[in-house]
Structure formats: structure tokens, C-alpha cells
Asks: 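Structure below; questions to follow.
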Amino acid sequence: MIDPFKALEILSAADARRAARRGFLKAAGGGAVLLGGASLLSGCYGDYGDTTDPTPTPSPTPTPTPTAITDSDVLNLALNLEYLEAQFYLYAVNGTGLSAAQTASGTGTAGGTVTGGAKVNFANDRMVGAYAREIAADEAAHVAFLRSALGSAAVAMPNINIDGGANGAFTAAARAAGVITMTDTFDPYGSPENFLLAAFLFEDVGVTAYKGAAPLLTNKTYLEAAAGILAAEAYHAGIVRTVLYAKGMSTTALITATTKISDARDALDGKPTDDAVRGIGSDDDQGLVDDNKAANLVPANVNGLAYSRSSEQVHNIVYLNATGANRTGGGFFPNGTNNPNAALRVGLSS
């Protein structure tokens, strides 16, 4: 038989211990929880027959639901890239870029600044000059079209770096690719050939970006328009690759440079699982010659399809940051792109 006096003594002791624990927690201001409360309190749990865990069970934190990607989000992603391309080509052709009215948001917020940019002397290469002027006009038209389609939802142009100086994005890209040494600079406005290499960097990325974004669009009108821009970007890329290949017949350094640039883009965008049907591949970027030194003017997979890139892969390239690094900005977009949907700003779920 249990001694009733002994039982009362045990219960009294248990009450005293519980009171002491409550006093400690109150005095600590809840600090036990911050110090790993579950393990700290486990030494007190179950003392003297007390089988009630005094630690309150926290409510589980719900997993945030990703914001759905809308057609406007996809078009704004494209607009960010078009701002970059338009500024580069317009500066190369005219020495000036888009007007302030063409870079403000749809609600009038001023656009960002452009670092760098200069007029290229095409006097001794009128053919490349003609190509540059046509592409510049197309890119400016793309900006105007997307801004019109988005209306008040159009984002302002982010800060853009198209400088060819020692601290410029083009120099950083060329150094990373091994096109120049770590002490040299790469000026995309210094010659028609340098201009073509810079255009090669942008155009192939633009084609794969539009291809990758196409499945995200739900409105067929927008999808058709995006397909039209994709086709124009592919024409541009084809022109740039063909002219570089022709020039590379006598200046092999140009061919070598395209291989290094493509290898660098491949390293930046990661190694996705091959999907030949969708045009996705781990080697989704090639220079102007293949492994057998044959012409490779159309970078395509085994089914002859142009490659796709997700917004994450695109951002890795234009930010000049590999996966896992700080991808809030850098490279050609020093402060990041202006995509309103965070999933497309750094490519978290596209």
C-alpha cells in the first residue's frame, strides 16, 4: 500500500519543482527557447512522475506558397533583357541610348542608369555597321513593343553596366572566359570584331531565354508575339555567328574566343538534365566550331532544336554568377533585374 504521507510529500516536491521552472522561464524572458529550449527543458520533463511536457507545442510554420508567374511577369523578364540589348546596340551605333521616357516604368518611375557605352567606328567595315544599325533598330522596337503590351505594368529599366573599362561587365566576362588575361581589358566598342564578340555573348543568351520562357505564357497572343521576338533574336544570332565565322577564317583568335565564351556560359548556367524533345541539354552552348572543327553556326541539340534556358540560368549568365553564389545582382545588372515576381528576379522557380 502506498503511504499517503509519502505520496503527499512527492506531490509537494513536484509542485515546488514546477514552480521553480516557471519562475526560471519568466526570469529568463523566454530565453530558454532561444537557447534550444527543447533540449534545455528535457532534463526537467517527467520529474517525480510529472508526465506533462511544460514546453508549449509550437504551431508549424506554413510553407509559403510561391506567387504564380503571370504573363506580365514573363514579359517583364523579357523587357529587362531587351533594355540591356537595346542600350548596348544603340550606344554602339549612335553613341547614345534609349531616352528617359523609354526607360521609365509604366507608372512613370524613372529608369536606372547606364554605365559605359560608346560609338563603334564601323568606317572600315560597312557590312558589320549595317548589321549593327539594323539590330539596334530591332532591339529598340522590342523595348517599345513590350512596354506597350505591358502598359502600366511595365517595369523601369534597372541599372545597367555595358562598360568596356577595367571595372566593366564586358571586361569581367572576358576575363572569366579566358578571352583576355586578368590584367587586360575588353572594350566591345574598340573595333567591329570586338563588337561582334560582345553581340555573340548577348544574342545566344537572348534566343535561349525566349525559348525557355515560352511554356510559361498562357495568352496565345502574347505567345505569338514572343515567338516573333524569338525569331528576330535568332536571326540576329545567326548573322553574328556567320560573320564571326567568316572573319575567323583569317583570324582564328575569333573562333577561339567564341569557344571560350560559350564554355563560360555553360559553366555559369549549370548542367540541366538532357531533354531532347524540349531542347534542353547539359551542353546548351557551343562556339562556332564543333569538336571536329566543322562549322557550328546553328547551336542546336540532336533533334535540331534551339536550346532553352530557365530564368535562373539566364540570370546566372547576365549576373556573371554561378549557381549558389550571391545572385541578387552583378555583371551587366549590378543591382539586379527589375522583375516584380521574385521567382523570376533570380530564377528561383522558373
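The residues of the chain are indexed from 1 along the displayed sequence. The basis for the numbers below is simple: all heavy atoms, side chains too, and nothing from hydrogens, waters or symmetry mates.
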Asks: Is any side-chain heavy atom of Arg265 closer than 4.5 Å to a side-chain heavy atom of Leu201?
Replies: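 Heavy-atom side-chain distance check passes, below 4.5 Å.
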
Asks: Can Thr115 and Asn159 be said to form a side-chain contact (heavy atoms from CB on, under 4.5 Å), step by step?
Replies: CA-CA 8 Å; Thr115 300; Asn159 291 332; over 6 Å; no

Asks: Indicate the atoms forming the closest heavy-atom contact of Ser311 with Leu344, along with that distance.
Replies: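 In this case the closest contact between Ser311 and Leu344 is OG-CD2, 3.6 Å.
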
Asks: Would you say Ile180 and Phe200 are hydrophobically clustered, going by side-chain heavy atoms of ILVMFWY under 4.5 Å?
Replies: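 Both belong to a single hydrophobic cluster.
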
Asks: Is the shortest side-chain heavy-atom distance between Glu85 and Ile135 below 4.5 Å?
Replies: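 In short, these two side chains do not touch, never coming nearer than 4.5 Å.
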
Asks: Can you name the residues that form a side chain to side chain contact (heavy atoms under 4.5 Å, CB included) with Thr96, not counting sequence neighbours?
Replies: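 Checked Thr96 against side chain to side chain contact (heavy atoms under 4.5 Å, CB included); matches are Asn94.
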
Asks: Consider only side-chain heavy atoms of I, L, V, M, F, W and Y, link residues closer than 4.5 Å, and tell whether Val155 and Tyr222 are in one cluster.
Replies: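 Yes, it is one cluster - the side chains of Val155 and Tyr222 are joined through contacts under 4.5 Å.
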
Asks: Measuring from atom CG of Leu77 to atom OH of Tyr210, what distance do you get when rounded to the nearest 0.5 angstrom?
Replies: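 Output value for this atom pair is 8.5 Å.
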
Asks: Drop me the distance from Leu150's CG to Ser105's OG, to the nearest 0.5 angstrom.
Replies: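 Answer rounded to 0.5 Å: 11.0 Å.
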
Asks: Any sub-3.5 Å donor-acceptor pair from Asn161's side-chain atoms to Pro334's backbone N or O?
Replies: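 Such a contact is absent between Asn161 side chain and Pro334 backbone.
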
Asks: Is the closest side-chain donor-acceptor distance between Ser72 and Thr70 under 3.5 Å?
Replies: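 No - no donor-acceptor pair under 3.5 Å links their side chains.
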
Asks: Say whether, by atom type as modelled, one donor and one acceptor occur between the side chain of Arg133 and the main chain of Val93 under 3.5 angstrom.
Replies: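 No.
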
Asks: Specify the closest pair of heavy atoms between Leu98 and Ala86, including all atoms of both residues, with the distance to one decimal.
Replies: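 The answer is CD1-CB, 4.1 Å.
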
Asks: What closest approach, in Å, do Ile317 and Arg309 show between heavy atoms, and which atom pair accounts for it?
Replies: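 Taking every non-hydrogen atom into account, CD1-NE, 3.4 Å.
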
Asks: In this structure, would Val179 and Met182 fall into the same cluster of hydrophobic residues linked by side-chain contacts under 4.5 Å?
Replies: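 Each belongs to a different hydrophobic cluster.
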
Asks: Atom CG of residue position Asn335 - does it have more than 12 heavy atoms of other residues, nucleotides or ligands inside 6.0 Å?
Replies: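 Yes, the 6.0 Å shell around CG holds more than 12 heavy atoms from other groups.
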
Asks: Can you tell me how far apart OG1 (Thr183) and CZ (Arg175) are? Round to the nearest 0.5 Å.
Replies: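 Here the interatomic distance stands at 7.0 Å.
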
Asks: Side chains of Asn338 and Asn76: does their closest heavy-atom pair fall under 4.5 Å?
Replies: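 No, side chains not in contact.
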
Asks: Does Thr185 use its side chain to pair, donor to acceptor, with the backbone of Gly165 at less than 3.5 Å?
Replies: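 The answer is no, because no donor-acceptor pair under 3.5 Å joins these two groups.
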
Asks: Under the side-chain contact (heavy atoms from CB on, under 4.5 Å) criterion, do Ile229 and Leu146 qualify, and how do the steps go?
Replies: CA-CA 10 Å; Ile229 298 179; Leu146 288 171; 4.1 Å; yes

Asks: Taking the six-membered ring for Trp and the full ring for Phe, Tyr or His, determine whether the centres of Phe332 and Phe202 are under 6.0 Å apart.
Replies: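 Centroid separation for Phe332 and Phe202: below 6.0 Å.
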
Asks: Just checking, any donor-acceptor pair under 3.5 angstrom between side chains of Asn339 and Asn80?
Replies: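 Result is yes, a qualifying pair exists.
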
Asks: Would you kindly confirm whether Val128 and Leu297 end up in one hydrophobic cluster when ILVMFWY residues are joined by side chain heavy atoms under 4.5 Å apart?
Replies: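 Yes, Val128 and Leu297 fall within the same hydrophobic cluster.
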
Asks: Among Thr218, Asn219, Thr221, find the residue that satisfies the side chain to side chain donor-acceptor pair (under 3.5 Å) test when tested with Asp71.
Replies: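 Only one of Thr218, Asn219, Thr221 forms a side chain to side chain donor-acceptor pair (under 3.5 Å) with Asp71, namely Thr218.
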
Asks: Please work out which of the three classes, parallel, tilted or perpendicular, describes the rings of Phe88 and Phe170, given edges at 30° and 60°.
Replies: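 Rings of Phe170 and Phe88: tilted, as their planes differ by 30° to 60°.
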
Asks: Is the ring centre of Phe195 less than 6.0 Å from the ring centre of Phe122?
Replies: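 So the answer is yes for these two rings.
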
Asks: Taking the side chain as C-beta and beyond, is there a heavy-atom pair between Leu84 and Glu82 under 4.5 Å?
Replies: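 Leu84 vs Glu82: side chains apart.
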
Asks: Any link between Leu223 and Val74 through a network of hydrophobic side chains (Ile, Leu, Val, Met, Phe, Trp, Tyr) touching at under 4.5 Å?
Replies: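 Hydrophobic grouping puts Leu223 with Val74.
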
Asks: Quick one: CD on Glu203 to OG1 on Thr208, what's the gap to the nearest 0.5 Å?
Replies: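 Here the interatomic distance stands at 11.0 Å.
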
Asks: Check whether Thr103 reaches the backbone of Ala100 with its side chain - one donor and one acceptor, N or O, closer than 3.5 Å.
Replies: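 Indeed, once roles are kept as given, a pair shorter than 3.5 Å links the two residues.
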
Asks: So, Ser262 side chain and Thr258 main chain: donor-acceptor pair closer than 3.5 Å or not?
Replies: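 Judged by distance alone, yes, a pair lies under 3.5 Å.
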
Asks: Between Arg241 and Asp204, does a side-chain contact (heavy atoms from CB on, under 4.5 Å) hold up when you go through it step by step?
Replies: CA-CA 9 Å; Arg241 294 176 73 93; Asp204 281 358; 2.5 Å; yes

Asks: Give the C-alpha distance, both sets of side-chain angles, the deciding distance and a yes or no for side-chain contact (heavy atoms from CB on, under 4.5 Å) between Tyr189 and Ile162.
Replies: CA-CA 10 Å; Tyr189 315 100; Ile162 50 172; 3.5 Å; yes

Asks: Look at the side chain of Asn121 and the backbone N and O of Ala123, then say whether any donor-acceptor pair between them is shorter than 3.5 Å.
Replies: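 Side chain of Asn121 to backbone of Ala123, a donor-acceptor pair under 3.5 Å: yes, one is there.
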
Asks: Is a donor from one side chain sitting under 3.5 angstrom from an acceptor on the other, for Glu139 and His236?
Replies: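 On atom types as modelled, these side chains qualify, holding a pair under 3.5 Å.
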
Asks: Using modelled atom types only, decide if a donor and an acceptor are shared between the side chain of Arg147 and the backbone of Ala104 within a distance under 3.5 Å.
Replies: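 Judged by distance alone, yes, a pair lies under 3.5 Å.
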
Asks: Work out which heavy atom in Leu90 is nearest to a heavy atom in Ala140; give both atom names and the distance.
Replies: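 Reported closest heavy-atom pair: CD1-CB, 4.3 Å.
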
Asks: Does Thr337 offer a backbone N or O that forms a donor-acceptor pair with the side chain of Tyr319 under 3.5 Å?
Replies: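 The answer is yes, because a donor-acceptor pair under 3.5 Å joins these two groups.
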
